[in-house]
Amino acid sequence: MRVTRFAPSPTGYLHIGGLRTALYSYLWAKKANGKFLLRIEDTDQKRNSREAAEAIEEAFRWCGFEHDGEVIYQSKRFDIYKKYIQQLLDEGKAYYCYMTLEELDEMRKAQQAKGERPRYDGRYRDFCGEAPEGVEPVVRIKAPTSGVIEFVDGIKGEMKFNVEDMLDDFIIARSDGTPTYNFVVAIDDALMGLTDVIRGDDHLSNTPKQIVVYEALGFEIPKFYHVPMILNPSGKKLSKRDGAMDVMEYKRMGYFPEALLNFLVRLGWSYGDQEIFTLKEMIELFDPSDINKAPSAYNPEKLLWINAYYMKTLPYERIIEALKDLGFELSDHPKRELLIDALRERAKTLVEFIEMANKIIHKPESYDPKAVDKFINEESKALLAEYLKSLKAHGEIGDAESFEAFIKSFLDSHGVKLKILAQPLRISMVGSSVSPSIYDTMEIIGYGELVERIEKFLKHIA
RNA sequence: GGCCCGUUCGUCUAGCGGUUAGGACUCCGGCCUCUCACGCCGGCAACAGGGGUUCGAGUCCCCUACGGGUCACCA
(Lines give C-alpha, C1' and ligand atoms only; values in the text may rest on other atoms or scores of the structure.)
Protein backbone atom coordinates (compact mmCIF):
# COMPACT_ATOMS: atom_id res chain seq x y z
CA MET A 1 0.00 0.00 0.00
CA ARG A 2 1.27 3.40 -0.99
CA VAL A 3 1.47 5.88 1.88
CA THR A 4 2.35 9.55 1.46
CA ARG A 5 2.22 12.49 3.82
CA PHE A 6 2.22 16.22 4.14
CA ALA A 7 4.35 17.39 7.02
CA PRO A 8 4.33 21.15 7.43
CA SER A 9 5.81 23.06 10.30
CA PRO A 10 3.16 25.20 11.97
CA THR A 11 3.45 28.65 10.47
CA GLY A 12 -0.20 29.59 10.92
CA TYR A 13 -1.38 29.14 7.39
CA LEU A 14 -0.90 27.03 4.29
CA HIS A 15 0.89 28.66 1.40
CA ILE A 16 0.72 27.73 -2.26
CA GLY A 17 4.06 25.96 -2.27
CA GLY A 18 2.89 23.75 0.55
CA LEU A 19 -0.44 23.22 -1.10
CA ARG A 20 1.27 22.03 -4.24
CA THR A 21 3.41 19.43 -2.51
CA ALA A 22 0.36 18.40 -0.49
CA LEU A 23 -1.57 18.05 -3.74
CA TYR A 24 1.17 15.95 -5.32
CA SER A 25 1.30 13.69 -2.28
CA TYR A 26 -2.46 13.44 -2.18
CA LEU A 27 -2.76 12.58 -5.88
CA TRP A 28 -0.02 10.03 -5.73
CA ALA A 29 -1.61 8.27 -2.75
CA LYS A 30 -5.10 8.33 -4.23
CA LYS A 31 -3.87 7.02 -7.54
CA ALA A 32 -2.84 3.82 -5.78
CA ASN A 33 -5.80 3.79 -3.40
CA GLY A 34 -3.28 4.43 -0.68
CA LYS A 35 -3.19 6.73 2.29
CA PHE A 36 -2.37 10.40 2.58
CA LEU A 37 -1.37 11.40 6.10
CA LEU A 38 -0.96 14.74 7.81
CA ARG A 39 1.72 15.42 10.39
CA ILE A 40 2.53 18.68 12.12
CA GLU A 41 6.22 19.21 12.70
CA ASP A 42 6.06 21.13 15.94
CA THR A 43 9.09 19.94 17.87
CA ASP A 44 10.00 23.58 18.20
CA GLN A 45 6.95 24.27 20.39
CA LYS A 46 7.13 28.00 19.92
CA ARG A 47 4.11 28.41 17.75
CA ASN A 48 0.55 27.32 18.20
CA SER A 49 0.35 24.11 16.27
CA ARG A 50 -3.35 23.52 16.97
CA GLU A 51 -4.23 26.70 15.18
CA ALA A 52 -1.88 25.91 12.34
CA ALA A 53 -3.34 22.45 11.92
CA GLU A 54 -6.81 23.91 11.80
CA ALA A 55 -5.74 26.42 9.17
CA ILE A 56 -4.33 23.60 7.10
CA GLU A 57 -7.43 21.49 7.50
CA GLU A 58 -9.60 24.42 6.55
CA ALA A 59 -7.58 24.89 3.38
CA PHE A 60 -7.76 21.16 2.68
CA ARG A 61 -11.52 21.22 3.11
CA TRP A 62 -11.81 24.16 0.74
CA CYS A 63 -9.72 22.30 -1.82
CA GLY A 64 -11.76 19.17 -1.41
CA PHE A 65 -9.14 16.81 -0.16
CA GLU A 66 -8.91 15.19 3.22
CA HIS A 67 -6.07 13.38 4.87
CA ASP A 68 -6.50 9.86 6.16
CA GLY A 69 -6.54 9.21 9.86
CA GLU A 70 -5.81 11.55 12.72
CA VAL A 71 -3.43 14.48 12.49
CA ILE A 72 -0.12 13.53 14.06
CA TYR A 73 1.60 16.07 16.26
CA GLN A 74 5.28 15.54 16.83
CA SER A 75 5.05 17.47 20.06
CA LYS A 76 2.95 14.63 21.46
CA ARG A 77 5.40 11.93 20.52
CA PHE A 78 8.44 12.89 22.55
CA ASP A 79 8.20 9.63 24.52
CA ILE A 80 8.66 7.69 21.33
CA TYR A 81 11.65 9.74 20.26
CA LYS A 82 13.22 9.42 23.72
CA LYS A 83 12.93 5.67 23.49
CA TYR A 84 14.83 5.63 20.22
CA ILE A 85 17.46 8.01 21.51
CA GLN A 86 18.03 5.70 24.46
CA GLN A 87 18.14 2.73 22.14
CA LEU A 88 20.89 4.29 20.05
CA LEU A 89 22.76 5.28 23.18
CA ASP A 90 22.55 1.72 24.53
CA GLU A 91 23.69 0.28 21.25
CA GLY A 92 26.63 2.64 21.09
CA LYS A 93 25.30 4.26 17.92
CA ALA A 94 24.91 7.58 19.64
CA TYR A 95 26.73 9.35 22.45
CA TYR A 96 26.68 12.31 24.77
CA CYS A 97 28.63 15.35 23.72
CA TYR A 98 29.63 17.87 26.36
CA MET A 99 30.76 20.70 24.16
CA THR A 100 29.23 24.01 25.10
CA LEU A 101 27.67 26.36 22.60
CA GLU A 102 30.66 28.67 23.05
CA GLU A 103 33.15 25.92 22.34
CA LEU A 104 31.19 24.87 19.32
CA ASP A 105 31.10 28.40 18.06
CA GLU A 106 34.81 28.85 18.58
CA MET A 107 35.57 25.64 16.75
CA ARG A 108 33.47 26.66 13.80
CA LYS A 109 35.13 30.03 13.55
CA ALA A 110 38.54 28.43 13.61
CA GLN A 111 37.53 26.02 10.89
CA GLN A 112 36.15 28.74 8.73
CA ALA A 113 39.27 30.82 9.22
CA LYS A 114 41.24 27.93 7.81
CA GLY A 115 38.79 27.74 4.91
CA GLU A 116 37.40 24.46 6.09
CA ARG A 117 33.83 23.33 6.21
CA PRO A 118 32.44 23.89 9.70
CA ARG A 119 31.76 20.54 11.24
CA TYR A 120 31.76 18.71 14.53
CA ASP A 121 35.15 17.13 15.08
CA GLY A 122 33.90 14.02 16.88
CA ARG A 123 35.85 14.72 20.06
CA TYR A 124 33.32 12.97 22.30
CA ARG A 125 32.64 10.11 19.93
CA ASP A 126 34.58 7.60 21.94
CA PHE A 127 34.80 9.54 25.15
CA CYS A 128 34.84 7.47 28.32
CA GLY A 129 36.39 9.87 30.79
CA GLU A 130 34.78 12.00 33.45
CA ALA A 131 31.96 14.24 32.19
CA PRO A 132 32.72 17.93 32.59
CA GLU A 133 30.90 19.68 35.44
CA GLY A 134 27.83 21.73 34.80
CA VAL A 135 27.32 20.90 31.14
CA GLU A 136 24.02 19.42 30.01
CA PRO A 137 25.08 17.22 27.12
CA VAL A 138 23.48 16.86 23.73
CA VAL A 139 23.17 13.49 22.05
CA ARG A 140 24.95 12.98 18.75
CA ILE A 141 24.53 10.13 16.36
CA LYS A 142 27.55 8.24 15.04
CA ALA A 143 27.44 8.99 11.37
CA PRO A 144 29.71 7.20 8.91
CA THR A 145 33.08 8.93 8.55
CA SER A 146 33.80 7.92 5.00
CA GLY A 147 32.21 6.55 1.89
CA VAL A 148 29.15 7.75 0.05
CA ILE A 149 25.45 7.81 0.75
CA GLU A 150 23.38 7.03 -2.28
CA PHE A 151 19.73 7.03 -3.08
CA VAL A 152 17.56 7.40 -6.14
CA ASP A 153 15.39 10.47 -6.11
CA GLY A 154 12.15 9.99 -8.01
CA ILE A 155 12.52 13.39 -9.62
CA LYS A 156 16.21 14.28 -9.65
CA GLY A 157 17.53 10.82 -10.36
CA GLU A 158 20.61 9.18 -8.90
CA MET A 159 21.96 11.03 -5.85
CA LYS A 160 25.43 10.55 -4.44
CA PHE A 161 26.74 12.35 -1.41
CA ASN A 162 30.28 12.16 -0.21
CA VAL A 163 30.22 11.61 3.54
CA GLU A 164 33.39 13.66 4.14
CA ASP A 165 31.97 16.86 2.78
CA MET A 166 28.40 16.31 3.81
CA LEU A 167 28.06 14.76 7.23
CA ASP A 168 29.26 14.94 10.77
CA ASP A 169 27.93 13.45 13.99
CA PHE A 170 24.85 15.64 14.07
CA ILE A 171 22.75 16.30 17.12
CA ILE A 172 19.67 14.16 17.62
CA ALA A 173 18.73 15.46 21.06
CA ARG A 174 19.28 18.94 22.41
CA SER A 175 20.67 19.55 25.87
CA ASP A 176 17.12 19.93 27.14
CA GLY A 177 16.40 16.45 25.87
CA THR A 178 14.12 17.42 22.98
CA PRO A 179 14.80 15.68 19.69
CA THR A 180 15.83 17.48 16.51
CA TYR A 181 14.20 17.63 13.13
CA ASN A 182 16.23 15.23 11.02
CA PHE A 183 15.92 12.59 13.69
CA VAL A 184 12.17 12.75 14.24
CA VAL A 185 11.35 13.03 10.55
CA ALA A 186 13.04 9.75 9.85
CA ILE A 187 11.41 8.05 12.82
CA ASP A 188 7.91 9.30 12.04
CA ASP A 189 8.14 8.59 8.35
CA ALA A 190 9.17 5.06 9.22
CA LEU A 191 6.62 4.55 11.97
CA MET A 192 3.82 5.96 9.88
CA GLY A 193 4.65 3.49 7.17
CA LEU A 194 5.60 6.04 4.52
CA THR A 195 6.47 4.48 1.21
CA ASP A 196 6.82 7.70 -0.80
CA VAL A 197 8.08 10.97 0.61
CA ILE A 198 7.23 13.92 -1.63
CA ARG A 199 8.61 17.20 -0.34
CA GLY A 200 10.32 20.42 -1.34
CA ASP A 201 13.83 20.12 -2.71
CA ASP A 202 15.12 22.30 0.08
CA HIS A 203 15.15 18.97 1.93
CA LEU A 204 17.38 17.29 -0.60
CA SER A 205 20.56 17.77 1.40
CA ASN A 206 18.81 16.69 4.61
CA THR A 207 18.14 13.32 3.11
CA PRO A 208 21.58 11.80 3.75
CA LYS A 209 21.22 12.65 7.43
CA GLN A 210 17.85 11.04 7.57
CA ILE A 211 19.21 7.99 5.85
CA VAL A 212 21.81 7.73 8.58
CA VAL A 213 18.96 7.62 11.11
CA TYR A 214 17.01 5.05 9.10
CA GLU A 215 20.04 2.84 8.99
CA ALA A 216 20.98 3.23 12.62
CA LEU A 217 17.45 2.23 13.60
CA GLY A 218 17.11 -0.48 11.00
CA PHE A 219 14.14 1.13 9.31
CA GLU A 220 13.26 0.65 5.69
CA ILE A 221 14.11 3.68 3.57
CA PRO A 222 11.18 5.11 1.59
CA LYS A 223 11.31 6.47 -1.91
CA PHE A 224 12.09 10.19 -2.03
CA TYR A 225 10.78 12.79 -4.46
CA HIS A 226 12.23 16.27 -4.14
CA VAL A 227 10.00 18.82 -5.82
CA PRO A 228 11.61 22.04 -7.05
CA MET A 229 10.25 25.12 -5.40
CA ILE A 230 7.94 27.78 -6.75
CA LEU A 231 9.48 31.10 -7.67
CA ASN A 232 7.78 34.48 -7.80
CA PRO A 233 6.87 36.01 -11.19
CA SER A 234 10.32 37.56 -11.52
CA GLY A 235 12.06 34.28 -10.82
CA LYS A 236 13.10 34.95 -7.24
CA LYS A 237 12.23 33.11 -4.10
CA LEU A 238 8.55 33.37 -3.27
CA SER A 239 7.88 35.61 -0.30
CA LYS A 240 4.95 37.16 1.49
CA ARG A 241 5.35 40.28 -0.55
CA ASP A 242 4.46 38.41 -3.73
CA GLY A 243 0.78 38.61 -2.99
CA ALA A 244 -1.36 36.04 -1.37
CA MET A 245 0.67 33.42 0.33
CA ASP A 246 -2.18 32.07 2.40
CA VAL A 247 -4.20 29.64 0.34
CA MET A 248 -7.42 30.92 1.90
CA GLU A 249 -6.60 34.34 0.52
CA TYR A 250 -7.39 32.91 -2.91
CA LYS A 251 -10.85 32.06 -1.71
CA ARG A 252 -11.34 35.65 -0.57
CA MET A 253 -10.09 36.91 -3.92
CA GLY A 254 -12.77 34.92 -5.71
CA TYR A 255 -10.87 31.92 -7.01
CA PHE A 256 -12.33 28.46 -7.31
CA PRO A 257 -10.31 25.78 -5.55
CA GLU A 258 -10.67 23.78 -8.77
CA ALA A 259 -8.78 26.54 -10.56
CA LEU A 260 -6.06 26.94 -7.94
CA LEU A 261 -5.42 23.20 -7.89
CA ASN A 262 -5.43 23.02 -11.66
CA PHE A 263 -2.96 25.89 -11.80
CA LEU A 264 -0.74 24.35 -9.16
CA VAL A 265 -0.68 20.88 -10.62
CA ARG A 266 0.56 22.31 -13.93
CA LEU A 267 3.31 24.27 -12.23
CA GLY A 268 6.21 21.92 -12.73
CA TRP A 269 4.20 19.03 -14.04
CA SER A 270 2.43 18.38 -17.31
CA TYR A 271 0.64 15.77 -19.29
CA GLY A 272 1.29 16.48 -22.95
CA ASP A 273 -0.50 19.63 -24.02
CA GLN A 274 -3.38 19.28 -21.59
CA GLU A 275 -4.10 22.41 -19.55
CA ILE A 276 -7.36 21.59 -17.82
CA PHE A 277 -7.61 18.74 -15.35
CA THR A 278 -10.42 17.65 -13.10
CA LEU A 279 -9.35 16.25 -9.76
CA LYS A 280 -10.25 12.82 -11.09
CA GLU A 281 -8.03 13.29 -14.12
CA MET A 282 -5.20 14.52 -11.93
CA ILE A 283 -5.42 11.38 -9.83
CA GLU A 284 -5.47 9.27 -12.95
CA LEU A 285 -2.64 10.98 -14.78
CA PHE A 286 -0.30 12.32 -12.14
CA ASP A 287 3.07 10.72 -11.70
CA PRO A 288 5.82 12.40 -9.70
CA SER A 289 8.46 11.10 -12.07
CA ASP A 290 7.02 13.54 -14.65
CA ILE A 291 7.71 16.52 -12.42
CA ASN A 292 10.24 18.94 -13.87
CA LYS A 293 13.64 19.25 -12.30
CA ALA A 294 13.77 23.01 -12.56
CA PRO A 295 11.92 25.44 -10.32
CA SER A 296 8.99 27.23 -11.87
CA ALA A 297 7.71 30.76 -11.54
CA TYR A 298 4.30 31.60 -10.22
CA ASN A 299 2.25 33.23 -12.95
CA PRO A 300 -0.86 35.08 -11.72
CA GLU A 301 -2.21 35.76 -15.23
CA LYS A 302 -2.41 32.10 -15.99
CA LEU A 303 -4.15 31.40 -12.71
CA LEU A 304 -6.67 34.08 -13.58
CA TRP A 305 -7.21 32.55 -16.99
CA ILE A 306 -7.80 29.12 -15.49
CA ASN A 307 -10.23 30.60 -13.00
CA ALA A 308 -12.10 32.30 -15.83
CA TYR A 309 -12.25 28.96 -17.59
CA TYR A 310 -13.88 27.34 -14.58
CA MET A 311 -16.24 30.27 -14.27
CA LYS A 312 -17.38 29.60 -17.82
CA THR A 313 -17.76 25.86 -17.48
CA LEU A 314 -18.72 24.91 -13.94
CA PRO A 315 -22.35 23.86 -13.42
CA TYR A 316 -24.83 26.35 -11.96
CA GLU A 317 -25.03 24.62 -8.58
CA ARG A 318 -21.29 24.77 -8.13
CA ILE A 319 -21.15 28.47 -8.95
CA ILE A 320 -24.02 29.18 -6.59
CA GLU A 321 -22.25 27.21 -3.87
CA ALA A 322 -18.96 29.03 -4.40
CA LEU A 323 -20.78 32.37 -4.30
CA LYS A 324 -22.46 31.33 -1.08
CA ASP A 325 -19.04 30.58 0.41
CA LEU A 326 -18.30 34.24 -0.15
CA GLY A 327 -21.56 35.31 1.48
CA PHE A 328 -23.44 35.97 -1.75
CA GLU A 329 -26.79 34.22 -1.86
CA LEU A 330 -28.18 33.56 -5.31
CA SER A 331 -30.08 30.32 -4.78
CA ASP A 332 -33.49 32.00 -4.42
CA HIS A 333 -33.14 34.42 -7.32
CA PRO A 334 -35.81 33.55 -9.93
CA LYS A 335 -33.45 34.25 -12.84
CA ARG A 336 -30.27 32.84 -11.29
CA GLU A 337 -29.32 30.64 -14.23
CA LEU A 338 -29.74 33.40 -16.78
CA LEU A 339 -27.80 35.72 -14.51
CA ILE A 340 -24.97 33.21 -14.24
CA ASP A 341 -24.91 32.71 -18.00
CA ALA A 342 -24.86 36.44 -18.54
CA LEU A 343 -21.96 37.00 -16.16
CA ARG A 344 -19.83 33.88 -16.33
CA GLU A 345 -18.19 34.95 -19.60
CA ARG A 346 -17.45 38.39 -18.22
CA ALA A 347 -16.27 37.79 -14.68
CA LYS A 348 -12.88 36.22 -14.17
CA THR A 349 -13.31 35.83 -10.43
CA LEU A 350 -16.23 35.31 -8.09
CA VAL A 351 -15.54 38.70 -6.59
CA GLU A 352 -15.99 40.30 -10.00
CA PHE A 353 -19.08 38.22 -10.50
CA ILE A 354 -20.60 39.53 -7.30
CA GLU A 355 -19.81 43.13 -8.24
CA MET A 356 -21.47 42.72 -11.63
CA ALA A 357 -24.41 40.84 -10.23
CA ASN A 358 -25.04 43.56 -7.68
CA LYS A 359 -25.15 46.14 -10.43
CA ILE A 360 -27.95 44.20 -12.06
CA ILE A 361 -29.87 43.12 -8.99
CA HIS A 362 -30.02 46.54 -7.37
CA LYS A 363 -31.23 49.80 -8.85
CA PRO A 364 -28.35 52.09 -9.82
CA GLU A 365 -27.46 54.47 -7.01
CA SER A 366 -25.76 56.78 -9.44
CA TYR A 367 -25.00 57.08 -13.13
CA ASP A 368 -21.54 57.14 -14.61
CA PRO A 369 -21.18 60.79 -15.70
CA LYS A 370 -18.85 59.92 -18.55
CA ALA A 371 -21.34 57.47 -19.98
CA VAL A 372 -24.18 59.93 -19.61
CA ASP A 373 -22.11 62.62 -21.25
CA LYS A 374 -21.19 60.40 -24.14
CA PHE A 375 -24.49 58.73 -24.92
CA ILE A 376 -27.19 61.10 -23.77
CA ASN A 377 -28.26 63.94 -26.02
CA GLU A 378 -31.60 65.40 -27.00
CA GLU A 379 -32.19 62.74 -29.61
CA SER A 380 -31.42 59.74 -27.44
CA LYS A 381 -33.25 61.23 -24.49
CA ALA A 382 -36.40 61.66 -26.57
CA LEU A 383 -36.02 58.19 -27.98
CA LEU A 384 -35.68 56.66 -24.52
CA ALA A 385 -38.79 58.51 -23.36
CA GLU A 386 -40.63 57.32 -26.42
CA TYR A 387 -39.48 53.79 -25.78
CA LEU A 388 -40.72 53.95 -22.21
CA LYS A 389 -44.08 55.10 -23.46
CA SER A 390 -44.52 52.21 -25.84
CA LEU A 391 -43.18 49.79 -23.27
CA LYS A 392 -45.86 50.87 -20.83
CA ALA A 393 -48.49 50.79 -23.56
CA HIS A 394 -47.43 47.26 -24.48
CA GLY A 395 -47.58 45.87 -20.99
CA GLU A 396 -45.79 42.91 -19.36
CA ILE A 397 -42.93 41.29 -21.26
CA GLY A 398 -41.28 38.18 -19.80
CA ASP A 399 -38.23 36.83 -21.57
CA ALA A 400 -35.19 38.18 -23.38
CA GLU A 401 -36.43 37.09 -26.79
CA SER A 402 -39.66 39.00 -26.43
CA PHE A 403 -37.80 42.07 -25.20
CA GLU A 404 -35.63 41.85 -28.29
CA ALA A 405 -38.61 41.40 -30.62
CA PHE A 406 -40.32 44.35 -29.02
CA ILE A 407 -37.32 46.61 -29.41
CA LYS A 408 -36.89 45.55 -33.05
CA SER A 409 -40.40 46.52 -33.96
CA PHE A 410 -40.10 49.72 -31.95
CA LEU A 411 -36.94 50.66 -33.83
CA ASP A 412 -38.47 49.75 -37.18
CA SER A 413 -41.47 51.93 -36.63
CA HIS A 414 -39.25 54.85 -35.61
CA GLY A 415 -36.64 54.28 -38.28
CA VAL A 416 -33.66 54.29 -35.92
CA LYS A 417 -30.73 52.01 -35.28
CA LEU A 418 -30.28 50.00 -32.12
CA LYS A 419 -26.98 51.72 -31.36
CA ILE A 420 -28.76 54.93 -30.40
CA LEU A 421 -31.13 53.27 -27.96
CA ALA A 422 -28.94 50.52 -26.52
CA GLN A 423 -26.55 52.56 -24.43
CA PRO A 424 -29.17 54.86 -22.89
CA LEU A 425 -31.13 51.74 -21.95
CA ARG A 426 -28.06 50.16 -20.46
CA ILE A 427 -27.27 53.22 -18.41
CA SER A 428 -30.87 53.27 -17.18
CA MET A 429 -30.62 49.68 -16.04
CA VAL A 430 -27.16 49.42 -14.50
CA GLY A 431 -25.87 52.98 -14.30
CA SER A 432 -22.96 52.52 -16.67
CA SER A 433 -22.18 51.72 -20.28
CA VAL A 434 -21.05 48.19 -19.51
CA SER A 435 -23.33 45.25 -18.87
CA PRO A 436 -24.41 41.94 -20.36
CA SER A 437 -26.80 41.93 -23.31
CA ILE A 438 -29.57 44.46 -22.72
CA TYR A 439 -32.21 41.82 -23.48
CA ASP A 440 -30.87 39.38 -20.90
CA THR A 441 -30.52 42.19 -18.42
CA MET A 442 -34.17 43.12 -19.02
CA GLU A 443 -35.33 39.61 -18.41
CA ILE A 444 -33.29 39.36 -15.24
CA ILE A 445 -34.55 42.57 -13.69
CA GLY A 446 -38.09 42.09 -15.02
CA TYR A 447 -40.64 44.31 -16.71
CA GLY A 448 -41.81 46.31 -13.71
CA GLU A 449 -38.32 47.03 -12.48
CA LEU A 450 -37.26 47.98 -16.00
CA VAL A 451 -40.00 50.58 -16.25
CA GLU A 452 -39.03 51.99 -12.86
CA ARG A 453 -35.35 52.21 -13.75
CA ILE A 454 -36.01 54.00 -17.03
CA GLU A 455 -38.32 56.44 -15.29
CA LYS A 456 -35.73 57.08 -12.63
CA PHE A 457 -33.02 57.68 -15.19
CA LEU A 458 -35.20 59.95 -17.28
CA LYS A 459 -35.85 62.01 -14.17
CA HIS A 460 -32.13 62.13 -13.49
CA ILE A 461 -31.28 63.57 -16.92
CA ALA A 462 -34.36 65.78 -17.25
C1' G B 1 33.37 29.14 0.41
C1' G B 2 32.28 23.30 0.43
C1' C B 3 28.55 20.05 -1.26
C1' C B 4 24.17 19.45 -4.09
C1' C B 5 20.34 20.81 -7.74
C1' G B 6 18.94 23.35 -12.03
C1' U B 7 19.03 26.19 -17.30
C1' U B 8 13.66 25.22 -24.36
C1' C B 9 9.59 31.70 -26.30
C1' G B 10 8.61 37.14 -20.93
C1' U B 11 5.91 32.90 -18.03
C1' C B 12 3.98 27.49 -17.62
C1' U B 13 5.54 23.65 -20.67
C1' A B 14 5.93 19.48 -25.07
C1' G B 15 10.29 17.18 -26.85
C1' C B 16 12.99 11.33 -24.56
C1' G B 17 19.51 11.46 -31.72
C1' G B 18 16.77 13.09 -37.59
C1' U B 19 10.60 18.17 -35.87
C1' U B 20 9.44 24.19 -40.59
C1' A B 21 11.24 23.03 -32.19
C1' G B 22 4.52 21.97 -30.70
C1' G B 23 0.71 23.80 -27.09
C1' A B 24 -0.99 27.30 -23.17
C1' C B 25 -0.87 32.28 -20.61
C1' U B 26 0.47 37.37 -21.67
C1' C B 27 0.91 40.96 -25.66
C1' C B 28 -0.40 42.70 -30.81
C1' G B 29 -3.69 42.45 -35.20
C1' G B 30 -8.52 40.89 -37.41
C1' C B 31 -13.56 38.75 -37.31
C1' C B 32 -18.15 38.55 -34.42
C1' U B 33 -21.09 42.61 -31.98
C1' C B 34 -26.25 46.60 -28.40
C1' U B 35 -21.41 48.03 -24.56
C1' C B 36 -17.93 45.01 -22.07
C1' A B 37 -16.51 40.37 -22.28
C1' C B 38 -16.56 35.44 -24.43
C1' G B 39 -15.56 32.92 -28.85
C1' C B 40 -13.01 32.29 -33.56
C1' C B 41 -8.79 33.35 -36.96
C1' G B 42 -3.85 35.18 -37.35
C1' G B 43 0.93 37.23 -35.48
C1' C B 44 5.50 38.31 -32.29
C1' A B 45 8.58 35.21 -29.33
C1' A B 46 12.92 30.01 -27.06
C1' C B 47 16.91 25.39 -27.10
C1' A B 48 22.43 30.10 -21.62
C1' G B 49 27.68 29.94 -23.91
C1' G B 50 31.80 26.90 -25.47
C1' G B 51 33.97 22.34 -26.53
C1' G B 52 33.46 17.22 -27.71
C1' U B 53 30.70 12.12 -29.21
C1' U B 54 27.91 11.13 -33.78
C1' C B 55 26.56 10.71 -40.72
C1' G B 56 23.30 13.86 -37.64
C1' A B 57 22.44 16.97 -31.29
C1' G B 58 17.32 20.85 -27.64
C1' U B 59 18.05 15.63 -26.75
C1' C B 60 24.52 12.06 -24.80
C1' C B 61 29.52 13.72 -22.28
C1' C B 62 32.82 17.73 -20.39
C1' C B 63 33.87 22.84 -19.16
C1' U B 64 32.19 27.88 -18.26
C1' A B 65 28.45 31.35 -16.96
C1' C B 66 24.15 32.36 -14.46
C1' G B 67 20.20 30.99 -10.93
C1' G B 68 18.80 28.20 -6.63
C1' G B 69 19.18 24.98 -2.26
C1' U B 70 21.93 23.47 2.00
C1' C B 71 25.76 23.58 5.45
C1' A B 72 22.31 25.26 13.48
C1' C B 73 21.17 22.54 20.30
C1' C B 74 15.25 25.88 13.10
C1' A B 75 12.09 22.97 10.63
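Residue numbering restarts at 1 for every chain, and letters A, B, ... go by the order of the sequence lines.
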Nearest-nucleotide pick for [X], side chain only, options being [options]:
X: A:E345; options: B:C12, B:C38, B:C3; value: B:C38
X: A:W305; options: B:U11, B:G69, B:A24; value: B:A24
X: A:K236; options: B:G68, B:U35, B:C73; value: B:G68
X: A:K419; options: B:G22, B:C3, B:U35; value: B:U35
X: A:L204; options: B:G6, B:U70, B:C4; value: B:C4
X: A:M229; options: B:U35, B:A14, B:G69; value: B:G69
X: A:F161; options: B:C3, B:C12, B:C73; value: B:C3
X: A:T180; options: B:U13, B:C34, B:A75; value: B:A75
X: A:N299; options: B:U11, B:G23, B:A37; value: B:U11
X: A:K156; options: B:G22, B:C34, B:C5; value: B:C5

Have a look at [X] and say if it touches a base, only the backbone sugar-phosphate, or nothing, with a 4.0 Å heavy-atom cut-off.
X: A:N182; answer: base
X: A:L101; answer: base
X: A:S296; answer: sugar-phosphate
X: A:N206; answer: base
X: A:D165; answer: sugar-phosphate
X: A:P228; answer: nothing
X: A:M356; answer: nothing
X: A:F263; answer: nothing

Distance check: side-chain N/O of [X] vs OP1/OP2 of [N], anything under 4.0 Å?
X: A:R108; N: B:A72; value: yes
X: A:N292; N: B:U8; value: no
X: A:K293; N: B:C5; value: no

(request) Say whether A:N292 and A:W269, considering side chains only, have a donor N or O and an acceptor N or O under 3.5 Å apart. (result) no
(message) Quick one about A:Y271 and A:D287 (side-chain donor to acceptor, distance below 3.5 Å, no hydrogens or angles considered), yes or no?
(response) no
Looking at [N], does its base get a donor-acceptor pair with the side chain of [X] below 3.5 Å?
X: A:D201; N: B:G69; answer: no
X: A:R346; N: B:C36; answer: yes
X: A:D42; N: B:A75; answer: no
X: A:E275; N: B:G23; answer: yes
X: A:K348; N: B:A37; answer: no
X: A:S175; N: B:C73; answer: yes
X: A:R426; N: B:C34; answer: yes
X: A:S437; N: B:C34; answer: yes

(request) Mind running side chain to side chain donor-acceptor pair (under 3.5 Å) on A:Y181 and A:N206 for me, showing each step along the way? (result) CA-CA 10 Å; A:Y181 171 76; A:N206 281 328; 4.8 Å; no
Checking [X] side chain against [Y] main chain: does a donor-acceptor pair fall under 3.5 Å?
X: A:K348; Y: A:N307; answer: no
X: A:R266; Y: A:Q274; answer: yes
X: A:N182; Y: A:K209; answer: no

(message) Measure CD1/A:I306 against C1'/B:U11 and give the value in whole Å, please.
(response) 12 Å
Go ahead and name the base partner of [N]; Watson-Crick or wobble counts if both distances stay under 3.5 Å, otherwise write none.
N: B:C9; answer: none
N: B:A48; answer: B:U64
N: B:C32; answer: none
N: B:U19; answer: none
N: B:G58; answer: none
N: B:G1; answer: B:C71

(request) For the residue pair A:Y367 and A:F457, categorise the inter-ring angle as parallel (less than 30°), tilted (30 to 60°) or perpendicular (more than 60°). (result) tilted
(message) Need to verify one output field. Residue with the more 5' nearest nucleotide on RNA chain B, A:G115 or A:L418?
(response) A:G115
(message) Quick check with a 6.0 Å cut-off and a 45 degree axis cone: is A:K76 positioned over the face of A:Y73's six-membered ring?
(response) yes
